[in-house]
Every structure is written in C-alpha cells, then in structure tokens.
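A short worksheet on the structure shown next.
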Amino acid sequence: MKHKSTDRTKDDASHADSRGRRRFLATTTALAATLAGGLTDLWGDEGREPGAPMRPYGERSPFEKVARKSSRPGPLSGTGSTLTPLESLYGIITPSALHFERHHSGVPTIDPDKHELLIHGLVEKPLVFKMDEIKRFPSVSRIHFLECSGGSAGEYQGDPAPTPQQTAGLFSCSEWTGVPLSMLMREAGVKPSAKWVLAEGGDASRNARSIPMEKVMDDVLVAYGQNGEAVRPEQGYPIRLIVPGWEGNINVKWLQRLHVLDQPAMTRDESADYDDLLANGKSYRFSFVMEAKSIVTRPAGGQHLAGPGAYEITGLAWSGRARVAGVEVSTDGGKNWLKTELQQPVLKNAAVRFRLPWNWDGNEAVIGSRCTDESGYVQPTHEQIIAARGTHARFHYNGIKWWRLQKSGELTYA
Amino acid sequence: MPRRLFFWTLCFVAWASLHAQTNSGGFPFWIQRKRVDPAPKPAGFGRPASAEELKQRDITVLSDGAGLPDGKGTAAQGEAVYRDKCASCHGTNGEGNLPQGPQLVGGIGTLATDNPIRTVGSFWPYATSVWDYIHRAMPQNQPGSLSTDDTYAVTAFLLNRNKIVETSEVMNKESLPKVRMPNRDGFVPDARPDVGKNTRTFGENRNQKSQAR
C-alpha cells in the first residue's frame with residue numbers, strides 16, 4: 001500500500017515534470033508546425049499532438065495540388081474548357097472535382113426543387129417531371145467515360161501537346177447513377193413516327209443536340225448521381241444525359257427538355273460544328289462514336305525519370321464502339337509491341353487502366369500505346385488518320401500518342 | 001380397349017390445342033418459349049404539360065422551318081442590331097475576332113482548299129440553324145435578349161453579307177427555310193471507321209479464331 005503510494009507520488013512528480021516538458025515541447029512543435037504549414041511529426045518520441053478535427057465534407061490533403069488546366073479560354077470566363085490531369089490519376093475513376101469541363105455559356109445555378117424536365121413532341125402525352133419523380137424510378141449505376149470530340153484536336157494540325165493532360169485531358173470517367181431515358185420515354189408514350197430526340201440544356205445558351213431514337217431506347221441515362229454524390233454543377237447538376245460512348249457534346253448537361261421528333265433538329269453543334277471537314281471539302285455528319293483510343297500517362301511528356309531501372313508504364317484506354325480487348329505498349333516508336341495487363345474490371349464504354357512493368361536501360365526511348373477493341377478496330381497512327389481525313393478536321397482524333405524519353409530522363413512529346 | 005384409347009387421344013388433342021393457342025410463335029407446343037417480361041407499366045409519374053407551357057418552352061426550329069415564330073426582318077434592319085449586339089465579338093463585317101468570336105462571313109468556296117475558312121456562309125447547311133442558334137445562344141453575354149424581329153433581321157444581315165440574300169429581302173418563317181445555303185450538300189454520313197478497321201482479334205483469341213476458320 002505504502003509502496004504503491006510512494007510510487008504514485010514519484011510517478012505523479014515525474015508525470016507533472018514530463019507534462020510540463022511535454023507542454024513546452026508541444027507549444028514549440030505546434031509553433032514550428034504552424035510555420036511549416038501544420039505538419040504532424042509522425043516519428044517524434046516527445047509526445048504527439050492530436051490531429052485536425054472532423055469535418056462534414058472532406059477535402060484532399062493540402063499537399064495535393066493536382067488541378068484542371070484551362071485549354072481554350074473563351075470570351076467569357078464560363079465558356080471554353082478545362083482539362084483533366086490524366087497523368088496524376090490512379091485507377092479509372094476521375095474525381096468529380098477534376099472532371100474536364102466544356103461549357104458554351106457558363107455553369108448555371110439550378111435549384112433542384114424548381115427544376116423540371118419536359119418531354120413533348122411525338123408522344124402520347126407530354127409530361128413534366130420534377131426531380132423527386134425522376135428519382136422514384138428504378139435507378140441504375142454504370143461506369144462510363146466522357147470524351148469531348150475535340151480531345152487531342154490539335155494533333156490534326158501537327159500541334160502536339162506536351163503532356164497527357166494537354167493532349168487528351170478532355171477525357172474523364174465516372175460512375176453515373178440515374179434512370180434509363182427509355183423508361184421516361186415509355187412513360188410519355190413514344191409514337192411510331194418518332195425517330196430522333198432533341199435534348200436541350202438549361203444553360204444560358206440552351207445547348208441542344210439530336211439523338212437517334214434507337215440510341216435513346218438502348219442505353220442513354222438521365223443521370224443525377226456522379227461518383228456516389230449529386231452530379232457536380234459543372235457536370236450538369238441536377239440532371240444530365242449520359243450517352244455511352246458518344247461524343248461529349250451530345251451528353252447534354254442541365255437537361256430541361258426532350259423534344260421527340262421525326263427528324264434531327266440540325267442545331268448548330270450537329271449541323272455546322274462537330275462535323276469533320278475532309279480534304280475533299282466534304283464533312284462527316286453525325287460522327288457520334290468516340291473510337292478506340294489510349295494514352296500512356298506515366299512515363300509521359302512533362303515528366304522526368306530519375307535514372308535507369310524499374311518503372312511501370314501505365315495509362316488509360318477506351319472505346320465507344322466496343323469493349324477494350326487489349327492494349328499494347330511500344331518503347332521503340334512502334335517497331336515492337338508488348339501486351340499490357342488490363343486492370344479489372346474492363347467495362348464497355350468505360351476507361352480501362354493498363355500496366356506494363358518496364359526496365360529502362362538508360363537509352364533514348366519512344367513510348368506509346370495502341371488500343372484494340374472487341375470490334376477488331378485498332379487505334380490508328382497519326383499518319384493513318386491524316387491520310388484518311390486530311391488536316392482540316394477538328395474532332396474525333398484518336399491517333400497513337402508518342403512520348404520521347406531522352407537519356408537525361410526528360411520526357412517530351414515525340 | 002379402343003374406346004378408352006379414343007378417350008385419352010381426345011384428351012391429349014384438347015390439351016395440345018390449348019397449348020398451341022397460349023404458346024404461339026411457331027414453336028411446337030412441347031417447347032416452352034422463353035418467357036418475355038411484358039413492357040413495364042407506366043408508373044404514372046410526371047404531370048401533363050399544359051399547352052401554355054409547351055408554347056413557352058418549345059423553342060425548337062427544324063430545317064424545314066417548323067417552329068419558326070411569326071415576325072420578320074431584313075438585312076438593312078439587321079445592320080444596326082448587328083453593330084450593337086454582335087460586332088464587338090465578330091467584327092464590323094463578320095470578319096471575326098478570336099478568341100472573342102469566330103468569323104461569320106466569307107470563305108465560300110474554300111472548304112476543299114489548303115486553307116478552308118468555316119463561316120456561316122461557307123459551312124452552315126441550313127439558314128434555319130442560323131436563326132435557331134442566334135435565338136438560343138447569342139449574344140453570348142445575354143442569350144435570349146434579342147426580339148423575334150431582331151433575330152430575323154440579324155440572320156438576314158449575315159446571309160446578306162455572305163451574298164446569299166438581297167439587302168431588302170424579308171426573312172420570316174416562310175422565306176427563311178427556302179434560303180439555300182452554299183454548303184447544303186457538303187456533308188456525307190460519318191464514314192468511320194475510316195482507319196484502323198483492319199479487323200483483328202487481340203491476343204490469344206486471334207489464334208483460336210484462325211483455327212476455327
């Protein structure tokens with residue numbers, strides 16, 4: 001008993017002593033930490049300060065600076081586009097905050113309680129849906145990529161972009177949740193003469209595109225969920241169309257109206273913009289599908305390898321026509337191709353992550369990837385595309401992208 | 001026992017004919033067709049759209065002119081509207097001012113040359129699309145602010161500067177769809193895959209396929 005008490009006194013004394021010292025140390029550490037930007041000393045043996053409190057909506061680490069980058073500033077701050085930093089992403093899902101943007105008239109602020117979706121035209125009964133009604137339908141979630149048809153467009157004119165973000169950053173992939181558009185169409189009752197549906201957004205420019213009825217009834221989604229939460233305002237809050245595998249522009253954001261028609265409306269975007277002009281002066285009309293494409297994101301332009309040794313060559317592949325069947329990588333500019341490992345799951349109309357372990361011998365290398373889809377389509381070379389379409393097209397570019405690795409470890413476009 | 005046999009035969013025929021009726025589709029009655037779920041019944045969500053809100057919200061304009069509203073305008077009238085609302089981004093005569101606004105006038109006949117110039121005049125196949133786009137999206141700093149007459153007038157102005165209509169020609173819902181744009185026949189259906197279609201099967205499957213053939 002006595003023994004114990006003595007001990008305790010002794011303990012208490014030393015405790016008090018160490019507590020004082022700890023407090024002093026804590027103060028100095030906190031001060032140092034404040035100066036150094038709130039660092040936590042993981043290995044200090046002089047006591048550890050508890051970390052930051054919890055918060056209702058999380059933020060990434062302050063050390064993470066990865067960001068979208070503006071590609072073509074428009075006349076107004078809300079027009080133009082921003083690019084996804086593909087080289088800094090892992091897996092296949094693009095964080096919603098890094099999803100590429102392409103707006104024609106800024107991002108509207110829409111109150112979901114007031115938002116309505118009108119379906120009219122060649123239907124039995126024109127209907128207006130509120131958001132809570134749209135969410136009452138049976139929902140589906142699917143992982144789909146979106147690519148602006150202007151992705152890598154500069155490559156047509158031989159204007160190679162220096163990084164994956166700058167060449168292919170008009171590409172992102174998310175899990176989308178919503179209701180199949182076919183379900184809403186059945187609700188309104190599509191008439192037999194209906195062949196197209198004009199989808200209109202609620203942005204200031206009322207961006208509008210016509211979609212063939214066959215696709216509408218196949219796999220188009222009216223999405224309100226993106227990566228587990230509500231679709232982001234930049235991505236079409238509160239609802240947007242997801243038209244799997246088809247050019248980004250037709251995936252109308254801020255969806256407010258669906259006009260069922262017997263013909264395409266020939267809006268500016270479909271009749272006079274996203275049409276690839278060929279060398280003979282004619283233009284492709286209704287180029288909807290985004291064809292098989294892939295890009296090595298690491299090691300890639302704008303990066304630096306520390307020296308010879310083991311690296312992983314990785315990147316993303318996708319196809320809007322059929323599931324990705326395989327991706328090959330070449331480190332000698334296309335003389336030899338090596339089969340890569342595909343990360344599961346490999347889903348239709350979704351991004352696919354490919355990987356290849358590689359030992360860099362320190363010599364110059366030219367690194368690129370080639371995607372093949374299950375339709376048998378092989379991602380073409382730049383030269384093949386130019387031979388087929390000339391250099392005046394501005395959309396749907398999917399050529400093989402090469403990165404040149406110098407002996408110094410610097411990587412640039414090839 | 002022929003009578004008993006006759007009885008059972010009759011029973012069998014009756015049973016079979018019943019199935020033939022309920023199991024139509026060209027299959028022998030003993031093969032059950034795969035049951036197809038009937039189309040889901042409407043859930044009854046959504047409210048009927050009123051004629052008034054349809055009139056207000058439906059701004060669709062088709063290339064045959066369907067959807068164009070009453071109203072009219074000429075290039076002469078459109079010049080002032082263009083100068084006030086459009087010229088700051090598209091230039092005094094539609095020559096363009098990138099990145100503010102693209103060129104709208106000229107370039108006709110250049111599409112097959114080494115330096116194609118895509119404008120309303122040289123590239124757009126339908127005059128109705130010009131009206132629709134101005135009505136939807138222009139001017140970019142205040143879409144929807146032009147009156148119907150002003151929209152017809154600015155459309156007429158752009159067509160006139162492209163030498164497609166006369167200065168005094170009235171553009172309205174009857175005349176606009178009849179305007180024939182120079183590049184009306186300049187489009188072909190998407191011919192892709194135009195490259196990369198050298199059909200192959202990836203990896204091991206290739207050998208299996210070729211053996212099968």
Side-chain angles (χ1 to χ4, degrees), chain A residues 72-76 79 104-105 118-120 125-129 133 136-137 183 186-188 198 204-208 257 259 261 263 265-268 271-272 275 277 279-289 291-292 325-326 339 372 376-380 384-385 387-389 392 396, chain B residues 39-40 42-49 53-54 57-64 67 89 99-101 110-113 116 118 120 123-126 128-130 132-133 135-138 140-144 183 186-203 205:
Chain A
R72 38 177 277 188
L76 302 170
T79 64
H104 293 80
S105 198
L118 167 65
I119 301 182
H120 70 117
K125 40 178 185 177
L127 289 175
V128 178
F129 294 98
E133 290 171 317
R136 269 181 72 185
F137 283 100
M183 212 173 268
R186 283 196 197 101
E187 204 68 20
L198 177 72
S205 70
R206 298 282 186 265
N207 199 44
R257 190 166 69 93
H259 195 169
L261 300 164
Q263 57 186 291
M266 293 298 181
T267 64
R268 176 254 196 179
S271 72
D275 308 71
L277 176 61
N280 65 4
K282 299 283 181 191
S283 305
Y284 285 159
R285 172 170 287 165
F286 299 144
S287 296
F288 294 134
V289 167
E291 297 187 294
K339 196 177 164 183
T372 301
Y377 179 92
V378 185
Q379 183 181 2
Q384 285 175 310
I385 291 184
R389 296 178 208 159
H392 300 148
H396 311 99
Chain B
F45 300 162
R47 63 170 172 82
E53 66 190 343
L54 278 178
R57 296 187 192 185
D58 179 6
I59 60 166
T60 307
V61 169
L62 303 181
S63 57
D64 59 9
C89 290
Q100 294 298 308
T110 64
L111 296 182
T113 69
R118 273 161 280 208
V120 166
F123 195 63
W124 291 42
Y126 300 102
T128 48
S129 305
V130 185
D132 176 63
Y133 188 66
H135 184 228
R136 277 178 191 283
M138 291 288 124
Q140 196 163 43
N141 59 352
Q142 209 176 9
N183 197 38
F187 296 82
V188 294
D190 176 23
R192 300 174 310 147
D194 48 5
V195 277
K197 56 191 166 184
N198 45 324
T199 305
R200 70 184 271 230
T201 310
F202 193 84
N205 294 338

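Order of the sequence lines fixes the chain letters, A, B, ..., with proteins taken first and strands second; residue numbering starts at 1 for each chain.
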task: Could you look at B:V61 and say if it's the side chain, the backbone, both or neither that has a heavy atom under 4.5 Å from chain A?
output: backbone
query: Do you know which of A:Q263, A:R257, A:M266 has the most heavy-atom pairs under 4.5 Å to chain B?
result: A:R257
query: Which atoms of B:T113 come close to chain A, meaning under 4.5 Å heavy atom to heavy atom: side chain ones, backbone ones, both, or neither?
result: backbone
task: Report the distance from atom CE of B:M138 to atom OG of A:S105, rounding to the nearest 0.5 Å.
output: 7.5 Å
Heavy-atom closest contact (B:V195 atom, A:Y377 atom, distance): O-CE1, 2.9 Å
- prompt: Side chain, backbone, both or neither: which part of A:N280 has a heavy atom under 4.5 Å from chain B?
  reply: backbone
field: Per-residue contact mode, B:Y126 against chain A (heavy atom under 4.5 angstrom)
entry: side chain
- request: Quick one: pull up OG1 in B:T60 and NE2 in A:H259 and give me the separation to the nearest 0.5 Å.
  value: 4.5 Å
task: Tell me, yes or no, whether the heavy-atom count around A:R136 atom CZ, taken from other residues, nucleotides or ligands under 6.0 Å, exceeds 12.
output: no
field: Proximity breakdown for A:F288 and chain B, heavy-atom pairs closer than 4.5 Å
entry: backbone
query: Do the non-hydrogen side-chain atoms of B:E53 and A:L118 ever get within less than 4.5 Å of each other?
result: no
For chain B, the option from A:E291, A:R268, A:E133 that forms the most heavy-atom pairs under 4.5 Å: A:R268
message: For the backbone of A:H104 and the side chain of B:Q140, can you confirm whether one donor and one acceptor N or O come within less than 3.5 Å of each other?
response: yes
message: Taking side chain as everything from C-beta outward and backbone as N, CA, C, O, which of these in A:I119 sits under 4.5 Å from a heavy atom of chain B? Side chain, backbone, both or neither.
response: neither
task: Please answer whether the main-chain N or O of A:R206 pairs with a side-chain N or O of B:R136 as donor and acceptor at a distance below 3.5 Å.
output: yes
- request: Search all heavy atoms of A:F129 against all heavy atoms of B:F45 and return the closest pair with its distance.
  value: CE2-O, 3.5 Å
query: Taking every heavy-atom pair that is under 4.5 Å apart, which of B:P143, B:A137, B:P193 has the most such pairs with chain A?
result: B:P193
query: B:D132 versus chain A, heavy atoms under 4.5 Å apart: side chain, backbone, both or neither?
result: side chain
message: With a 4.5 angstrom heavy-atom cut-off, is it the side chain or the backbone of B:P189 that approaches chain A, or both, or neither?
response: backbone
statement: Of A:A272, A:G281, A:S283, A:A204, the largest count of non-hydrogen pairs under 4.5 angstrom with chain B goes to A:S283
- prompt: At a heavy-atom separation under 4.5 Å, does A:L198 approach chain B through its side chain, its backbone, both, or neither?
  reply: side chain
statement: In terms of heavy-atom pairs under 4.5 Å with chain B, the winner among A:Q379, A:H396, A:K282 is A:K282
Residue selection (most heavy-atom pairs with chain A, distance under 4.5 Å) from B:G101, B:S129, B:P116, B:G144: B:P116
task: Please assess A:H392 against B:L111 for the test side chain to side chain contact (heavy atoms under 4.5 Å, CB included), listing each intermediate value before the final yes or no.
output: CA-CA 9 Å; A:H392 300 148; B:L111 296 182; over 6 Å; no
query: Between A:A279 and chain B, which part of the residue has a heavy atom less than 4.5 Å away: side chain, backbone, both or neither?
result: backbone
field: B:F187 side, atom CZ; A:L277 side, atom CG - distance, nearest 0.5 Å
entry: 8.5 Å
